[in-house]
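So the structure is just underneath, and the comments pick up after that.
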Amino acid sequence: MTFRPLYDRVLARRIEQEEKTAGGIIIPETAKEKPIEAEIIAVGNGTRDDSGKIHPLDVKAGDRVLFAKWSGTEIKLDGEDFLILKESDILGIVSGSKSSK
């Protein structure tokens with residue numbers, strides 16, 4: 001199935017947290033919080049201003065982003081969980097191999 005977000009929406013897949021802390025403590029499933037980091041899978045065309053001109057989004061497919069904890073709409077496509085976020089819900093783009101927490 002293919003999905004293309006509209007306007008300033010993006011389709012993202014959550015990036016799961018490590019099962020173990022840096023100190024070696026294993027975090028049980030019940031104590032884990034939902035991750036606030038995701039990989040962008042698809043993006044919409046952008047928003048239109050009053051004159052009708054389209055302004056493209058700052059994020060693109062493949063970007064790793066941080067987003068607000070309670071933002072987005074959770075959906076399931078082909079048995080896999082995704083989020084639909086507005087660009088304004090995205091707090092920033094993560095660069096480098098791992099995000100700092």
Side-chain angles (χ1 to χ4, degrees):
M1 176 185 306
T2 59
F3 180 85
R4 185 177 60 90
L6 300 176
Y7 307 111
D8 65 337
R9 306 256 184 330
V10 300
L11 180 69
R13 177 185 307 122
R14 288 183 192 266
I15 297 173
E16 295 298 324
Q17 296 175 343
E18 296 283 330
E19 301 253 338
K20 198 188 297 187
T21 65
I25 298 171
I26 297 176
I27 304 168
E29 196 67 35
T30 55
K32 285 185 183 178
E33 292 187 14
K34 286 186 177 180
I36 58 169
E37 186 175 352
E39 177 186 4
I40 302 298
I41 305 301
V43 298
N45 293 333
T47 57
R48 289 187 187 270
D49 61 14
D50 293 336
S51 66
K53 182 179 176 188
I54 295 178
H55 296 277
L57 303 181
D58 289 331
V59 295
K60 61 187 179 308
D63 283 347
R64 290 176 63 158
V65 298
L66 295 178
F67 58 92
K69 191 172 194 172
W70 303 108
S71 60
T73 302
E74 294 182 356
I75 63 167
K76 192 172 281 247
L77 295 172
D78 292 336
E80 193 172 353
D81 293 327
F82 292 97
L83 280 172
I84 298 176
L85 299 163
K86 291 184 83 167
E87 185 184 34
S88 60
D89 291 335
I90 296 173
L91 303 174
I93 299 171
V94 178
S95 57
S97 61
K98 284 194 171 186
S99 67
S100 58
K101 292 213 170 204

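Rounding to the nearest 0.5 Å places CG of L66 at 13.0 Å from CG of D89. With rounding to the nearest 0.5 angstrom, the CD1 atom of I93 is 12.5 Å from the CZ atom of R64. Atom CD of E39 sits about 6.0 Å away from atom CD1 of I15, to the nearest 0.5 Å. Interatomic distance, I84 CD1 to I75 CD1, rounded to the nearest 0.5 Å: 4.0 Å.
Cluster note: L6 groups with Y7 through ILVMFWY side-chain heavy atoms spaced under 4.5 Å, whether in direct contact or through intervening members.
Listed by first then second residue, pairs satisfying salt bridge (charged side-chain N to carboxylate O under 4.0 Å, His left out) with a partner in residues 41-58 number zero, not counting sequence neighbours.
The minimum heavy-atom distance between F3 and A42, with the atom names listed, is O-CB, 4.0 Å. Taking both residues in full, the closest heavy atoms of L11 and P5 are given as N-CG, 3.7 Å, listed atom of the first, atom of the second, then distance.
In terms of the side chain to side chain contact (heavy atoms under 4.5 Å, CB included) criterion, residue partners of A68 (sequence neighbours excluded) are, by chain and number, S71. Here D63 pairs with K60 under the side-chain hydrogen bond (donor to acceptor under 3.5 Å, both in side chains) rule; sequence neighbours left out.
Across R14, E74, K76, R13, a single residue satisfies side-chain contact (heavy atoms from CB on, under 4.5 Å) together with F82, and that is R13. Each of I40, N45, V43 was evaluated against L57; a single residue qualifies, V43, per the side-chain contact (heavy atoms from CB on, under 4.5 Å) test.
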